[in-house]
Amino acid sequence: MENNWSNKSDLLKSKSKNFIYEIIDEDMKTKKWNGRVYTRFPPEPNGYLHIGHAKSICLNYGIARDYNGKFNLRFDDTNPTKEDQEYVNSIIEDVKWLGGDFEDRVFYASDYFEQMFQWAEKLIKKGKAYVDDSDPETMRGLRGTINEAGKESPHRNRSVEENLDLFNRMKNGEFKNGEKVLRAKIDMASPNMLLRDPVMYRIIHSEHHRTGNKWCIYPTYDWAHGLEDSIEGITHSICTLEFEVHRPLYDWFLKELEIYHPQQIEFARLNLTYTVMSKRKLLELVEQKFVDGWDDPRMPTISGYRRRGYTPEAIQNFAEIIGVAKRDAMTDVALLEFSIREELNKKAQRVMAVLDPLKVVITNYNGEEVLEAVNNPEDSSMGHREINFSREIYIEKNDFMENPVKGFHRLVPGGEVRLRYAYIIKCDEVIKNDKGEIVQLNCSYDSDTRSGTGTSTKKVKGTIHWVNVKDAINCEVRLYDRLFTAEDPSGEKEKDFKDLINKDSLKIISDAKLEPFVKKFKPGEKFQFERLGYFCIDTKYTTNEKLVFNRTVTLKDTWAKTVNKNRI
RNA sequence: UGUCCCGUGGUGUAAUUGGCAACACGUCUGACUCUGGAUCAGAAGAGUUCAGGUUCGACCCCUGACGGGACAACCA
């Protein structure tokens, strides 16, 4: 996929910047980092990336690009029980696809384990860290609460020698999981809970996806994260709001260690209406089969959006228009849908497909002819294609109404409508089966009205799409709707988010009709089905025998809107 | 002994750092149209959570309320 990041030099000059750019501008002015800008994206490989991560990637990579700095991809792989190589691979793929260019700089926290161990020993030697034998429950009891100070562990005042010895024996595997931890010696009475002697190392006898069985003690996030940024020379450690309270702890570690000290800046994570955004919840959806894997097109994962037909550019643009700030927000999915519509409108090949076919026989037409159709009215360079027209065609069932409502201007008994790129037809007869269902329309065409000839002055209210029966190809079309019925599925007090899943979020149409032109395209390619929406060929279920389409997003539909309004 | 963040149209952001609130999405009109799409033109919609204070002047600075969020994993 092409990487089309727009250059933002204009933006840099303009006065409207988000607060992070303003901080960096100031840093550049004061030469705080000697003109250096270095950012990173630091995911834990314990799940697939979602659209919230995309916001972070765009922000971090965008900053590096705009200030001629560097951008690292770094895996925060400090907990072997939750992490997996599959996730590492998917994350690399997704970041690249999105356009986050880390060049050859893929790093791993696990590469820094030795250095971190030495720094831990340094803190022990300074009397700033100690080995604690307390079990988790005891530790929790001693930590106090938000309103009362904690109490010191009985092991808090062990000698440096004993701590060093114990810590090394922890490393050497002499103890079982949970038997001992290394703690920073800060302040059990701090009003900031994170400063009440946080755990730095815990014992986990598990195989790590990269270091294997080399280690059985693993650094906690709070101990490790600031060190990783320090080691890589990151200038601006950009993270989400919930880590604001952690900052004093990172500052403490870096200061005690007397090592390079990046600046942490927090911003508000992305929340999207009608979606859940936590990896834990997404994992639940996958494991409990509410969806068909991490890349199910209904998932807010990057791989889900990719499969659904979103482009990197649309997601980048979305990240751009939602901005970056410090207040919690709930972004309307309409903004995301706007981004993909805007792009696909300019780029997508137009094609005609009928999802719910109704046969039309044009009784006064005999023979066959070839008509010319525009591939994209927004881009004449995409040219034309040929489509066959003959006596029998399919139209959309809902483009005909036997008893039309007010404002309906498609086909009605005795009425006329234009067939796109073809003729104006008139409905002469409605044919029904025993059950009274409409099974066929007999129509007549007006030979003077062929598209492009200009031989007719006849005006009709509507134009509908159609597919030629004789050479139509069958395909499967998957229509997606929002995965949740609630605007904020995670915010519902009474209900579990899984009870708010939209049961109609996937509708499979197994026998849609499509013009044969599409045959030559490959999985992943994108189209507009005229009057219906944007669709792409599914990369997972398409076979040589069967084309499967995913609906990326519908077209804006003002008619559907007025219909819905009148219903209410 | 609680601490720390944050409050601007329906939504997301902006306001040249103190000069009577702008942009995008959405909504609603109308024009145009062989996609009820796109495009074009226009409209409605906030007086900036509230109350004081400083100032000639406050979204912006100060104080205090109120509201929202984060923090008490050997998760990240």
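Chain identifiers are assigned alphabetically (A, B, ...) following the order of the sequence lines, protein sequences preceding nucleic acid strands; residue numbering begins at 1 within each chain. Since the model is a prediction, treat every value here as computed from it, not as a measurement.
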First of A/Ala334 and A/Ala422 reached from the 5' end of RNA chain B, by closest nucleotide: A/Ala334
Which part of the nucleic acid, if any, lies within contact of A/Tyr421, taking any heavy atom under 4.0 Å across all strands shown: a base, the sugar-phosphate backbone alone, or nothing? base
Under a 4.0 Å N-O cut-off, is there an ion pair linking A/Glu232 with A/Arg74? yes
Please give the distance between the P atoms of B/C23 and B/A44 as a whole number of Å. 13 Å
For A/Gly407, answer base if it contacts any base atom (sugar-phosphate contacts may also be present), sugar-phosphate if it contacts only those atoms, and nothing otherwise; contact means non-hydrogen atoms under 4.0 Å. base
When you get a sec, tell me which of B/A24, B/U8, B/A76 is the closest nucleotide to the side chain of A/Phe338? B/A24
What's the closest nucleotide to the A/Leu335 side chain, out of B/U35, B/G12, B/A76? B/G12
Out of B/C74, B/U35, B/A76, minimum distance to the side chain of A/Arg420 belongs to B/U35
Taking atom P in both B/G7 and B/G45, compute the distance separating them and give it to the nearest angstrom. 26 Å
Can you measure A/Asn345 atom CG to B/C40 atom P for me and round it to whole angstrom units? 11 Å
Taking B/U13 as the reference, what is the distance to B/A51 when you measure between their C1' atoms (whole Å, please)? 28 Å
Determine whether A/Asn376 and A/Glu378 satisfy the following criterion, side-chain hydrogen bond (donor to acceptor under 3.5 Å, both in side chains), listing intermediate values before the conclusion. CA-CA 5 Å; A/Asn376 187 344; A/Glu378 306 295 318; over 6 Å; no
Need the glycosidic conformation of B/A73: syn if within 90° of 0, anti if not. Which one? syn
Nucleotide opposite B/C25 in a Watson-Crick or G-U pair, distances under 3.5 Å: B/G10
Close aromatic pair by centroid cut-off 6.0 Å: A/Phe529 and A/Phe535: yes
Say we look at B/C66 and B/C74: how far apart would their C1' atoms be, to the nearest angstrom? 39 Å
Using whole Å, what does the distance between atom P of nucleotide B/A76 and atom CD of A/Glu83 come to? 7 Å
Does B/C28 have its OP1 or OP2 closer than 4.0 Å to a side-chain nitrogen or oxygen of A/Lys565? yes
Quick test of your reading of the model: are A/Arg531 and A/Asp399 salt-bridged, counting only N-O distances below 4.0 Å? yes
Ring centroids only, cut at 6.0 angstrom: are A/Trp466 and A/Tyr394 within range, meaning strictly under it? no
Just the rounded figure in Å: distance from C1' of B/A70 to CZ of A/Arg247. 13 Å
Rounding to an integer number of Å, can you tell me how far A/Asn375 CG sits from B/A38 C1'? 16 Å
Where do A/Ile23 and A/Gln263 land on the side chain to side chain contact (heavy atoms under 4.5 Å, CB included) test, with the steps shown first? CA-CA 10 Å; A/Ile23 290 171; A/Gln263 175 182 6; 3.7 Å; yes
For nucleotides B/C28 and B/U16, find the distance between their P atoms and express it as a whole number of Å. 34 Å
Across every strand shown, the nucleotide meeting Watson-Crick or G-U wobble geometry with B/U17 (both distances under 3.5 Å) is none
Among A/Asp133, A/Asp187, A/Asp197, A/Asp132, which one satisfies salt bridge (Lys or Arg N to Asp or Glu O under 4.0 Å) with A/Arg156? A/Asp197
How many whole angstroms separate atom CG of A/Leu249 from atom C1' of B/C4? 14 Å
Does B/C25 have OP1 or OP2 sitting under 4.0 Å from an N or O in the side chain of A/Ser339? no
Quick check on B/G37: is either OP1 or OP2 less than 4.0 Å from any side-chain nitrogen or oxygen of A/Thr558? yes
Checking contacts here: which listed nucleotide (B/G69, B/A15, B/G37) is nearest the side-chain heavy atoms of A/Asp328? B/G69
So, does A/Arg327 get its side chain near the phosphate of B/U8, meaning an N or O under 4.0 Å from OP1 or OP2? yes
Check whether any side-chain nitrogen or oxygen of A/Arg143 sits under 4.0 Å from OP1 or OP2 of B/C74, and answer yes or no. yes
Paired nucleotide for B/C50 [Watson-Crick or G-U wobble; both distances under 3.5 Å]: B/G64
Over all strands shown, is A/Lys180 touching base, sugar-phosphate only, or nothing at heavy-atom distances under 4.0 angstrom? nothing
Proximity to the side chain of A/Lys556 - top-ranked nucleotide from B/C5, B/C71, B/A38: B/A38
Could you tell me how far apart A/Asp222 (CG) and B/A70 (C1') are, to the nearest whole angstrom? 14 Å
Salt bridge present between A/Glu284 and A/Arg280 (N-O < 4.0 angstrom): yes
Could you check whether any side-chain heavy atom of A/Gln349 comes within less than 4.5 Å of a side-chain heavy atom of A/Phe517, counting everything from C-beta outward? yes
So what's B/G2 paired with, Watson-Crick or G-U wobble, going by both distances under 3.5 Å? B/C71
Look at the side chain of A/Pro191 and decide which nucleotide, out of B/A70, B/G2, B/C74, has an atom nearest to it. B/G2
For B/U11, is chi within 90° of 0 (syn) or not (anti)? anti
Any A/Lys82 side-chain N or O less than 4.0 Å from OP1/OP2 of B/A76: no
Considering just the side-chain nitrogens and oxygens of A/Arg531, establish if one lies under 4.0 Å of OP1 or OP2 belonging to B/G36. yes
Round to the nearest Å and state the distance from A/Phe267 atom CZ to B/C6 atom P. 15 Å
Relative to the 5' end of RNA chain B, which residue comes earlier, A/Ser190 or A/Ala325, by the nucleotide with the nearest heavy atom? A/Ser190
Using O4'-C1'-N9-C4 for purines and O4'-C1'-N1-C2 for pyrimidines, with syn meaning within 90° of 0, is B/G47 syn or anti? syn
In whole angstrom, give me the gap between the C1' atoms of B/G9 and B/C59. 14 Å
B/A76 OP1/OP2 closer than 4.0 Å to side-chain N/O of A/Arg202: yes
Per the atom types in the model, does the base of B/U35 pair as donor or acceptor with the side chain of A/Gln528 at under 3.5 Å? yes
Do the side-chain N or O atoms of A/Arg140 get closer than 4.0 angstrom to the phosphate oxygens (OP1, OP2) of B/A73? yes
I'd like to know if the side chain of A/Arg196 and the backbone of A/Ser190 have a donor-acceptor N/O pair within less than 3.5 Å. yes
Of the listed B/C28, B/G37, B/A14, the closest approach to the A/Arg350 side chain comes from B/G37
Tell me which nucleotide among B/G36, B/A72, B/C74 gets nearest to the side chain of A/Arg410. B/G36
Selected nucleotide, minimal atom distance to A/Asp332 side chain, candidates B/U35, B/U11, B/C5: B/U11
Please report the distance separating the C1' of B/G53 from the corresponding atom of B/C75, rounded so that it comes out in whole Å. 47 Å
Could you measure between the two P atoms, the one in B/U11 and the one in B/A65, and give it in whole Å? 27 Å
From CG of A/Leu344 across to C1' of B/G37 the rounded distance in Å is 13 Å
Mind checking if A/Gly462 touches a base, just sugar-phosphate, or nothing, with heavy atoms under 4.0 Å? nothing
Candidates B/A38, B/U13, B/U35 - which lies nearest the side chain of A/Glu378: B/A38
Which part of the nucleic acid, if any, lies within contact of A/His246, taking any heavy atom under 4.0 Å across all strands shown: a base, the sugar-phosphate backbone alone, or nothing? base
